[in-house]
Colleague: 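After the structure tokens below, expect a handful of questions from me.
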Amino acid sequence: GEVRPLVKSKLAFYFQTTWFKDGTGLVLTGPEQISSNNQIWQLSYPEGELRRITNDLANYAAVSLTTDDSALVTTQ
């Protein structure tokens with residue numbers, strides 16, 4: 001198939017990622033800029049739109065979803 005970028009907008013880099021069960025996107029952690037803390041983001045697929053879920057001073061290291069995608073679990 002065709003190779004194309006997954007994300008339209010860019011974060012400095014990404015860490016932990018996990019797919020939604022229905023394949024409509026991912027939840028991931030990463031900083032908006034190199035000098036900022038990791039926040040939690042939602043990436044829609046296949047659109048590639050990035051939406052910030054958290055906006056605080058915490059530094060999120062990992063993220064995962066429950067088996068039914070009803071809850072998000074993270075560590076700081």
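All figures in this text were calculated on a predicted structure; none of them were measured in a lab.
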Colleague: Between S44 (side chain only) and E49 (backbone N and O only), is there a donor and an acceptor less than 3.5 Å apart?
Modeller: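 It does hold such a pair.
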
Colleague: Which residue pairs satisfy the salt bridge (Lys or Arg N to Asp or Glu O under 4.0 Å) criterion with at least one member in residues 66-76, sequence neighbours excluded?
Modeller: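 Residue pairs with at least one partner in residues 66-76: there are none.
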
Colleague: Starting from L43, can I reach Y14 by hopping between I/L/V/M/F/W/Y residues whose side chains sit under 4.5 Å apart?
Modeller: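 Yes; L43 is reachable from Y14 via cluster members.
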
Colleague: Of all residues at least two apart in sequence or in a different chain, which pass the side-chain hydrogen bond (donor to acceptor under 3.5 Å, both in side chains) check with Q76?
Modeller: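 Q76: no side-chain hydrogen bond (donor to acceptor under 3.5 Å, both in side chains) contacts found.
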
Colleague: Does V73 reach the side chain of V63, with side-chain heavy atoms less than 4.5 Å apart?
Modeller: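 SC-SC contact between V73 and V63 ruled out.
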
Colleague: If you take all heavy atoms of P31 and S36, which pair is closest and at what distance?
Modeller: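 Reported closest heavy-atom pair: CB-O, 3.2 Å.
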
Colleague: Apply ring pair (Phe, Tyr, Trp, His ring centres under 6.0 Å) to F15 and list each qualifying residue two or more places apart in sequence or on a separate chain.
Modeller: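 F15 satisfies ring pair (Phe, Tyr, Trp, His ring centres under 6.0 Å) with F13 only.
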
Colleague: Sequence neighbours excluded, which residues qualify as side-chain hydrogen bond (donor to acceptor under 3.5 Å, both in side chains) partners of T24?
Modeller: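 T24 satisfies side-chain hydrogen bond (donor to acceptor under 3.5 Å, both in side chains) with D22 only.
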
Colleague: Closer than 3.5 angstrom, by distance alone: can the side chain of W41 be matched with the main-chain N or O of G30 as a donor-acceptor pair?
Modeller: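 Side chain of W41 to backbone of G30, a donor-acceptor pair under 3.5 Å: yes, one is there.
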
Colleague: Apply the hydrophobic cluster definition, ILVMFWY joined by side-chain contacts under 4.5 Å directly or through others, and give me every member besides V3.
Modeller: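 Members alongside V3: none; it stands by itself.
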
Colleague: For the pair T29 (side chain) and N38 (backbone), establish whether a donor and an acceptor sit closer than 3.5 Å, ignoring hydrogens and angles.
Modeller: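 Not at all, since once roles are kept as given, no pair shorter than 3.5 Å links the two residues.
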
Colleague: Are T74 and I40 side-chain neighbours, meaning at least one heavy-atom pair lies under 4.5 Å?
Modeller: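 Sidechains of I40 and T74: in contact.
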
Colleague: Among L50, L26, I53, find the one that has a side-chain contact (heavy atoms from CB on, under 4.5 Å) with Q42.
Modeller: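 With Q42 as partner, side-chain contact (heavy atoms from CB on, under 4.5 Å) holds for just one option, I53.
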
Colleague: What residue pairs, at least two apart or across chains, pass ring pair (Phe, Tyr, Trp, His ring centres under 6.0 Å) with a residue in residues 42-74?
Modeller: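 Output for this query lists W19-Y45.
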
Colleague: Is a side-chain donor-acceptor pair under 3.5 Å present for Q39 with T54?
Modeller: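 T54 vs Q39: donor-acceptor pair found between side chains.
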
Colleague: To the nearest 0.5 Å, how far apart are CG in N37 and CG in L57?
Modeller: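 Answer for the CG-CG pair, N37 versus L57, is 7.0 Å.
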
